[in-house]
Amino acid sequence: GHRMTLWKHYLVLFGGFYETTRGLKRFNDLYFFDLREQKWIQAEIPNTAQQPSPRSGCQFIAHASKDTVYMYGGYAKVVVTGNKQKGKKPR
């Protein structure tokens, strides 16, 4: 599902998924919950900025002294195109 970490006076929430009988949809939404104001703020990321792919189940941790949040791994839908290996290791 989604991942959450504490950064300063915010809970930072990323991703998650929604599952129905028709399929699974993963998200790359980013929200902040301001613990002082008790309200949610959706992050506005410019279209030109590099964004992580929609995913769930990743590792998500804040590094307070660097004002940085790190994300690693998780489950994401990856589409592979082009030549595919079939049962043999590459040499």
Side-chain angles (χ1 to χ4, degrees):
H2 67 274
R3 290 298 181 245
M4 190 179 294
T5 190
L6 180 64
W7 173 68
K8 295 186 178 184
H9 64 278
Y10 297 99
L11 288 176
V12 185
L13 178 118
F14 175 82
F17 66 90
Y18 178 70
E19 187 172 14
T20 66
T21 55
R22 291 187 231 175
L24 179 75
K25 179 170 174 61
R26 290 187 174 90
F27 298 97
N28 66 342
D29 299 358
L30 182 62
Y31 288 89
F32 298 91
F33 183 74
D34 187 324
L35 295 168
R36 293 179 184 159
E37 301 291 324
Q38 296 288 299
K39 66 180 187 177
W40 286 100
I41 305 161
Q42 184 172 12
E44 294 180 18
I45 302 171
N47 291 336
T48 57
Q50 185 176 0
Q51 298 180 36
S53 60
R55 67 186 65 212
S56 62
C58 57
Q59 300 299 313
F60 197 53
I61 188 166
H63 193 299
S65 65
K66 292 187 177 185
D67 277 346
T68 304
V69 176
Y70 295 96
M71 178 188 319
Y72 179 78
Y75 301 101
K77 183 176 182 178
V78 177
V79 178
V80 178
T81 59
N83 296 332
K84 297 180 185 177
Q85 294 288 329
K86 292 186 180 180
K88 293 183 180 179
K89 291 184 179 180
R91 294 181 186 207

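In this text the structure is predicted, and so the values were computed from the model without any measurement.
Partners of K8 according to the salt bridge (Lys or Arg N to Asp or Glu O under 4.0 Å) rule, which considers only residues two or more places apart in sequence or in another chain, are D67.
Linking Ile, Leu, Val, Met, Phe, Trp and Tyr whenever their side-chain heavy atoms come within less than 4.5 Å puts W40 and L6 in one cluster.
Interatomic distance, CD of E19 versus CG of L24, reported as 5.5 Å (0.5 Å rounding). Once rounded to the nearest 0.5 Å, the distance linking OH of Y75 with CZ of R26 reads 9.0 Å. Put simply, CD on Q50 and OG1 on T48 are 11.0 Å apart, with the number rounded to the nearest 0.5 Å.
Contact of the Q38 side chain with the F33 side chain is registered, since non-hydrogen atoms from C-beta on lie closer than 4.5 Å. Side-chain contact between R55 and N28 is absent, with no heavy atoms from C-beta onward closer than 4.5 Å.
The two atoms that bring T5 and I61 nearest to each other are OG1-CA, 3.8 Å, heavy atoms only. Across every non-hydrogen atom of G57 and R3, the tightest pair is CA-NH2, 3.2 Å.
Heavy-atom neighbours of F27 CZ from other residues, nucleotides or ligands within 6.0 Å: above the threshold of 12.
Membership of the apolar cluster around L30 extends to W7, Y10, V12, F14, F32, I41, I45, F60, V69, M71, as traced through chained side-chain contacts below 4.5 Å between ILVMFWY residues.
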